[in-house]
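What follows is a short report on a single structure.
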Amino acid sequence: MDHTNLPENTKLENEKEPIPEEDAKPENAERREFMIKAGSVCLGGVVAIPPIAAGIAVLMDPLRRKQGDADFTRVTLLDALPEDGTPKKFTIYADKQDAWNKFPNTAIGAIYLCRKSDGKIDAFNVVCPHLGCAVVFRESERDYYCPCHNSAFDLETGTQAPDSPSARGLDSLEVKVENEGEVWVKFQNFQPGIADKKAIV
Ligand code: FES
């Protein structure tokens, strides 16, 4: 093609823009490349923040949950309890959880259930309120007995004997019967060694 008749300053098709003299210097090219890389790193960091934050929230979640949940636990059936007032011991199972792990169906304590002649049910935590040993039902004396310091507790009320070193009687628990004979207990542990019945949460 004859270009001789084109006006001055007319660009030809496919003719490349000349690189400005300033940008063509090696140091400017390096600086431009550095700025592009730095921008990419910053953008990558911003994009990564939400997943990292979500991960931390999941890890921290157990810490925010309430521990020592004191809901009722289904323990047994009414028919399984002797009608003559003899107490029967039951292990309590529940899902346990610490800050990071969950332990399903774990033994968390034990109770005595006692069915009275009037149909009422008493429940006592087996933990001795003196220093935390386990009491046992003593058939010969018809009472509860702690072998650690020879301490007796009344079968009906859980009250400690006069010579007991315990500052309070056995810790009673809330009981309810539902669904035509299911015995449910609100299991709790209480702080030993003090006169007040103070739940451990
Ligand atoms: S621990 Fe039971 S009487 Fe001391």
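Order of listing sets the numbers, starting from 1, for every ligand and every atom in it. Heavy atoms only: backbone and side chains are in, while hydrogens, waters and symmetry mates are out.
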ask   = With a cut-off of 2.8 Å, how many protein N, O or S atoms neighbour atom 4 (Fe) of ligand 1?
value = 2
Sequence neighbours left out, cut at 3.5 Å: what donor-acceptor pairs do the side chains of residues 135-142 make with other protein atoms?
from : atom 1 : to   : atom 2 : distance (Å)
R138 : NE     : D143 : OD1    : 3.1
R138 : NH2    : D143 : OD2    : 2.9
E139 : OE2    : R142 : NH1    : 3.1
R142 : NH1    : T86  : OG1    : 3.3

ask   = How would you list, by chain and number, every residue that makes a side-chain hydrogen bond (donor to acceptor under 3.5 Å, both in side chains) with T73, sequence neighbours excluded?
value = none
ask   = With the threshold set at 4.0 Å, does a side-chain nitrogen-carboxylate oxygen contact exist between E178 and R74?
value = no
ask   = Do other residues, nucleotides or ligands put more than 12 heavy atoms under 6.0 Å from Y145 OH?
value = yes
Salt bridge (Lys or Arg N to Asp or Glu O under 4.0 Å) partners of E174, counting only residues at least two apart = K186
task = Indicate yes or no: does R168 engage D196 in a salt bridge with an N to O separation below 4.0 Å.
result = no
